[in-house]
Each structure stands twice: as structure tokens, then as C-alpha cells.
J.: 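If you scroll down you'll find the structure; I have some questions about it.
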Number of protein chains: 2
Amino acid sequence: MSMKIGELARLTGTQVETIRYYEREGLLPETTRTEGNFRIYGNAHAERLSFIRNCRSLDMTLDEIRVLMRFRDAPDENCEKVNKLLDSHIGHVAKRIAELMRLEDQLRELRRQCGASRLARDCGILNELSQGCSDGGGKIASKHVPGAH
Amino acid sequence: MSMKIGELARLTGTQVETIRYYEREGLLPETTRTEGNFRIYGNAHAERLSFIRNCRSLDMTLDEIRVLMRFRDAPDENCEKVNKLLDSHIGHVAKRIAELMRLEDQLRELRRQCGASRLARDCGILNELSQGCSDGGGKIASKHVPGAH
DNA sequence: CTTGACTCTATAGTCGCTATAGGGTTTTAA
DNA sequence: TTAAAACCCTATAGCGACTATAGAGTCAAG
């Protein structure tokens, strides 16, 4: 069953530009074209893209996805490394959760500095931010695993 | 007390390049220079930079920090909006935590698909990723608040 | 045939940094 | 005093995963 890029995009809940991006990044192999140079996709590409999107929905990096797909493309390979990769990724997520929870505690503590005053001059939040947060302030979380934004 | 950029960097735990970046981004006002064109900073800049770094350690965006600093620079302004901003930011963080926890659950569930087999062909993880995750798969989290990476 | 929808490539931008090239200035040690 | 090391400067590019836009071509429907 052949589809143009827009159909594939709708089928997999992906932006057209993102599909082209994945092709440029080597995640999706190039496909056949019409005489008018339109891409034509079949089931294999649709499955592959679904795999990628599922991984992305699990917050895996494109590099991690590349590793997983290497195993998917090599059915006789030992898949121990898939487990390892997933364990590592789970570890990243758990660490990020812990960091965000600490951050949330700090923010809620900071929020409590605001009393009844309505002037910026007396704002407990601004003052606290000026002097450094009392609990672990100034320590920026690991760059490898970004934060809330 | 006057400092060159390296001293300011050490004092505030910031990279020199980041200080220059903040100046370009308008977060730090430009400062005086030596004849040799070296920047010279005083206490006001050090305090301002500390404020910025404290906010960054709380994962606030530069835009959020800009808003906070507007109030810091206007002591007679009503600081209700500071509260609002912080509440909003806390909300983002809480939402991100919830998303990551759901993600962690999904990942652990996926991890359990891997039985004793050692071949990629039979890998429960890869197969599950190919067919879509059974619980809320394919839904990519909000872009505004990024995830584990 | 015309128009609207779709497709294409190339490029730039988002966010918050971080690194590097190429060059100038200051400080330190011999 | 001189040379080397440390520091400073600007400009630009890169990171990751997209996303947007310009300008142009193709296709399908009326």
C-alpha cells in the first residue's frame, strides 16, 4: 500500500517536516519517488516510523532509537544490549524525576516567602532569589538531562 | 569592588561565555571597560547575576527571569504577578513530574516484556515498540516542557 | 484551464547554552 | 626586560529535536 508523505504523516501522527527530518538524520531510509519527485511510502516505512514515534513518546533520544533499530534490523543478534539501554534510560528518567521533585520542593518553599505585602520591594520571593535559596540553591541540575523547560 | 569577567564567573559559579551570553540576551546590562576593552564589574552586576543563576537553578526560563527582574527593578510595583509567575512555573514542574512518572511506568512495563530469550527477533521490548505501547503509547508529551533528555 | 492542496529543497530559527577560531591584553616568572 | 602563560575579546557555529518559512513544482478537483 503506497502513500504520499502527508498520508504517512496522518497515519503515524507525525509532522511532514519531521518525517523529512528523520530521513535526513538517517533514521528513515530514503524511499522511491514519483516522476514529480514526490516520496512514496509502503508498509515497511510506516512500521519503522511508528517504531520511532513510540520510542520518542518514551522520551528516548534519536541515538538511543538508532541503537534499538540496529537490533530490530538484526534479528539474530543478542538483545542483551536492548535491556541495558532501556535500563539506562529508565535510570535517566528516575533521576530526572528526583531532581524535579527537589526542585518542586524548593519552589514551594520559595512560594511561601510571599506574605501579604503587595510591593515588589518587600517581596519575599524576589528577596530570597537575590540572596540565594537557602536549600541547595545555585546548583544547576545536570545538563545531560534537562529540566522542566 | 571591581572585577574582571573571570572573577565574576568564579564568584557566581558561572561560565565566562554564559556571562557574555546573558549580556547579549539583555539580561545583564553592559558594563564599563578598561582601555584594553576588558569588562569591569561591580557589586550590582554580581548581585544581578546571582539572581539570574538562582532562577536558572530553579529551571526558570530566561523570559520568566526577565519578568521577575522587571519587578526587582521596580520596587513600587505590585508584586502579585511574581506570585502568579511562580505558581505557573510550579505548575509546569508538577505537570512535568506527572508526565515523567507515567513515562517511567510505561518504561518499566516495557522492560518486563523481556523474558529469557536473547535474540532480537524474540525481544519483547522491540516487538512492543513495533506495535505501539499498550498504555497511552504514541502520545508525545507537551513540547513546552521537555522531558527526560 | 484555474485554483487550491500538496509536495519539494534549502535555510533559518527555537532554547540555553557551549565550543572554537583568530586575535588582543595583562600578568607572571625567569 | 622579555617571553610565556593566563586572561580577555568578538564572531560564529554547534548541540538536540524539531519547527517554520521562502520560493518553486506537482497534482487533483471543479
Side-chain angles (χ1 to χ4, degrees), chain A residues 2-28 30-41 45 49 52-67 89 92 96 140-149, chain B residues 2-28 30-41 45 49 52-67 89 92 96 140-149:
Chain A
S2 58
M3 312 172 251
K4 277 177 293 188
I5 196 168
E7 294 161 71
L8 179 64
R10 280 186 293 275
L11 181 68
T12 54
T14 314
Q15 299 258 59
V16 164
E17 292 88 359
T18 307
I19 298 176
R20 291 199 199 100
Y21 171 71
Y22 289 154
E23 183 184 288
R24 285 200 301 278
E25 288 294 310
L27 284 169
L28 273 185
E30 296 192 5
T31 189
T32 53
R33 304 278 185 124
T34 63
E35 278 204 26
N37 204 30
F38 285 21
R39 293 169 175 82
I40 294 293
Y41 296 102
H45 269 89
L49 183 54
I52 294 167
R53 296 310 276 173
N54 283 329
C55 294
R56 284 298 301 136
S57 76
L58 298 174
D59 253 352
M60 293 184 190
T61 63
L62 298 193
D63 272 345
E64 284 171 334
I65 295 166
R66 283 191 184 91
V67 171
H89 183 56
H92 293 151
R96 173 52 31 192
I140 294 182
S142 151
K143 185 69 177 79
H144 170 57
V145 184
H149 289 288
Chain B
S2 60
M3 314 172 248
K4 277 179 292 187
I5 196 168
E7 294 161 71
L8 179 64
R10 279 188 293 276
L11 181 68
T12 54
T14 312
Q15 298 259 60
V16 165
E17 293 90 359
T18 307
I19 297 176
R20 291 198 200 101
Y21 171 70
Y22 288 153
E23 184 184 287
R24 285 199 303 277
E25 288 293 313
L27 284 169
L28 272 184
E30 296 191 6
T31 190
T32 53
R33 305 277 183 122
T34 63
E35 276 205 27
N37 202 29
F38 285 20
R39 292 169 175 83
I40 293 294
Y41 296 103
H45 271 89
L49 184 55
I52 294 167
R53 296 310 277 173
N54 283 329
C55 294
R56 285 296 302 135
S57 75
L58 297 173
D59 254 350
M60 293 182 189
T61 64
L62 297 193
D63 273 345
E64 284 171 332
I65 296 167
R66 284 191 184 93
V67 172
H89 184 56
H92 294 151
R96 173 56 27 196
I140 295 183
S142 151
K143 182 71 177 83
H144 170 56
V145 183
H149 291 288

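Order of the sequence lines fixes the chain letters, A, B, ..., with proteins taken first and strands second; residue numbering starts at 1 for each chain.
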J.: Select one nucleotide: of dC18(D), dC8(D), dT10(D), the one nearest the side-chain heavy atoms of R33(B).
T.: dT10(D)

J.: Among all residues two or more places apart in sequence or in another chain, which pass the side-chain hydrogen bond (donor to acceptor under 3.5 Å, both in side chains) test with R24(A)?
T.: none

J.: Between C1' on dT19(D) and CD on E23(A), what's the gap in Å once rounded to a whole number?
T.: 17 Å

J.: Can you tell me the distance, in whole Å, between the CD atom of E7(A) and the P atom of dA5(C)?
T.: 17 Å

J.: Is it true that a side-chain atom of T12(B) and a backbone atom of L8(B) form a donor plus acceptor pair closer than 3.5 Å?
T.: yes

J.: Would you indicate, yes or no, if dC15(C) has its OP1 or OP2 atom less than 4.0 angstrom from a side-chain nitrogen or oxygen of T61(B)?
T.: no

J.: What is the distance, rounded to the nearest whole Å, between atom CG of L27(A) and atom C1' of dA17(D)?
T.: 11 Å

J.: Taking OP1 and OP2 of dT9(C), is either one under 4.0 Å from a side-chain nitrogen or oxygen of R39(A)?
T.: yes

J.: Within the side chain of S2(B), is there an N or O that forms a donor-acceptor pair under 3.5 Å with the backbone of I40(B)?
T.: no

J.: Walk along nucleotides 20-30 of chain D from 5' to 3' and tag each nucleotide B, S or - by protein heavy-atom contact under 4.0 Å, base first, then sugar-phosphate.
T.: S----BSS---

J.: How long is the line joining CE of M3(B) and P of dT27(C), in whole Å?
T.: 16 Å

J.: Is a side-chain N or O of H89(B) found less than 3.5 angstrom from the main chain of L58(B), in a donor-acceptor match?
T.: yes

J.: Please give, in whole Å, the distance from dT7(C) C1' to I40(A) CD1?
T.: 11 Å

J.: For the side chain of Y22(A), counting heavy atoms from C-beta on, which of dG16(C), dC8(C), dC18(D) is nearest?
T.: dC18(D)

J.: Which atom pair, heavy atoms only, marks the closest approach of I65(B) to C55(B)?
T.: CG1-CB, 3.4 Å

J.: Mind calculating the distance between OH (Y21(A)) and P (dT14(C)) to the nearest angstrom?
T.: 17 Å

J.: Between R56(B) (side chain only) and M60(B) (backbone N and O only), is there a donor and an acceptor less than 3.5 Å apart?
T.: yes

